[in-house]
**Student:** 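Below is the structure I would like to discuss, written out as structure tokens.
Order of listing sets the numbers, starting from 1, for every ligand and every atom in it.
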Amino acid sequence: MSEPSTTGRWAPSPTGDLHLGNLRTALLAWLFARSADGDFGWRFEDLDNAVRPQFYDSQLRDVAALGLDWDGEPIRQSERRELYRDAIADLERRGLTYECFCTRREIAEAATAPHGPAPEGAYPGTCRALTAAERAHRRSAGRPAALRVRVNPDDALEGRSVTLVDRQLGSFSGTVDDFVLRRGDGTPAYNLAVVVDDGDQGVTEVVRGDDLLPSTPRQVHLARLLGIDAPAYAHVPMVLGRSGQRLAKRDGAITLADRRALGETTLDVLNLLLHSLGIEPIATAQELPATAAVFQPAALPTDPWTLPLERTTVA
Ligand code: GLU
């Protein structure tokens, strides 16, 4: 059999039960992949300390309950540390990294200094040109060093502008600063792990929440440095709670379990999510593949969706 031309993925962090916003993004990522007859992989982004073991299973269960399926066994970033180490070692060997001893506070202060060199929120380059003696001094003071990528090897202070074309949002440009590859505690940073994994898993299309769009130019740049073909991107709108902010516990019944407790079936929840995407309801979850077959990304809403008040609250 020939390789599928599209490989999508879903990459949740097992830090809590999935809410309707997460489930809607999972549904979209699945629809994009399956509508193109593509593969769809599951990756747990579990390098963070906030991971709780019970949520691996509960997330798999909830997504499966909605009728979504995936190819192969879910993978865990926590079991792939060697891959991240190798990628970092490669960049180090090529002189494309440096140690950074700055605290968050120092970065914030330097970045807001009048006439500071860096665009808003970007790393101002404080540690870029430390001498070996200065680094040793900081190390001996017990400061843990993060590792940053040297985006402009010629030490120009400004970052590098990277443009990508998002399938849903069109052209997007961002300034890539010297972002973190490895945190001070030794954990590979999100941007590094995501690029290495998408490359390793042969992902050709990333579908995810548009809150991650600002990180994407960094990932495109890093993929280039690592000789990885950057995937296509489709950033999809978020789900908002009644306060107009991204969905959170305060918004009431936001998980599948919460909705069931209100008397809704899993199919009701699936149809609510489909409705929010402008897609016809279905009578059983078995009809989902047929929905995927006629799925049209161009017809998707471009605005965030506000979760309606629960029926029980309205009554
Ligand atoms: N782990 C990220 C999240 O749960 C998703 C990262 C990605 O899709 O690139 O928001």
**Student:** Quick one: does Gln59's side chain have a donor or acceptor within less than 3.5 Å of a partner on Gly16's backbone?
**Tutor:**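 Indeed, once roles are kept as given, a pair shorter than 3.5 Å links the two residues.
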**Student:** Show me which atoms of ligand 1 lie under 4.0 Å from any heavy atom of Tyr190.
**Tutor:**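 Contacts of ligand 1 toward Tyr190, numbered from 1: 6 (C), 7 (C), 9 (O).
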**Student:** Have a look at ligand 1 and work out which part of Gln77, if any, has a heavy atom under 4.0 Å from it: side chain, backbone, both or neither.
**Tutor:**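 Neither; no heavy atom under 4.0 Å.
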**Student:** Any chance CZ of Arg138 has more than 12 other-residue heavy atoms, nucleotides or ligands included, within less than 6.0 Å?
**Tutor:**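 Atom CZ in Arg138 is crowded, with more than 12 foreign heavy atoms closer than 6.0 Å.
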**Student:** Considering non-hydrogen atoms of the protein only, which is the closest contact for atom 5 (C) of ligand 1, and what is the distance?
**Tutor:**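 Looking at atom 5 (C) of ligand 1, the protein heavy atom closest to it is Ala11 O, 3.4 Å.
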**Student:** Any N or O on Arg208 sitting closer than 3.5 Å to an N or O of ligand 1?
**Tutor:**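 Arg208 vs ligand 1: N/O contact under 3.5 Å present.
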**Student:** Using a distance-only test with no angle check, is there a side-chain donor-acceptor pair under 3.5 angstrom linking Asn22 and Thr25?
**Tutor:**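 No pair is found: no donor N or O on one side chain lies under 3.5 Å from an acceptor on the other.
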**Student:** Which residue holds the protein heavy atom closest to atom 10 (O) of ligand 1, what is that atom called, and what is the gap in Å?
**Tutor:**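 Result: Leu212 CD1, 4.2 Å.
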**Student:** State plainly whether the residues Lys249 and Asp258 are in salt-bridge range, i.e. N to O under 4.0 Å.
**Tutor:**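 Not counted as a salt bridge, because no side-chain N and carboxylate O are separated by less than 4.0 Å.
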**Student:** With a cut-off of 4.0 Å, which atoms of ligand 1 are near a heavy atom of Ser13?
**Tutor:**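 Answer for ligand 1: 1 (N), 4 (O).
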**Student:** Quick check on contacts: which atoms of ligand 1 are under 4.0 angstrom from a heavy atom of Val194?
**Tutor:**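 Reading through ligand 1 atom by atom, the close ones are 9 (O).
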**Student:** Which of these passes side-chain hydrogen bond (donor to acceptor under 3.5 Å, both in side chains) with Asp178: Arg128, Arg160, Arg150?
**Tutor:**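 That would be Arg128.
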**Student:** Do NZ/NE/NH1/NH2 and the carboxylate oxygens of Asp198 and Arg9 come within less than 4.0 Å?
**Tutor:**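 Salt bridge present between Asp198 and Arg9.
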**Student:** Show the atoms of ligand 1 that are less than 4.0 angstrom away from any heavy atom in Arg9.
**Tutor:**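 Heavy-atom distances to Arg9 below 4.0 Å select 7 (C), 8 (O), 9 (O).
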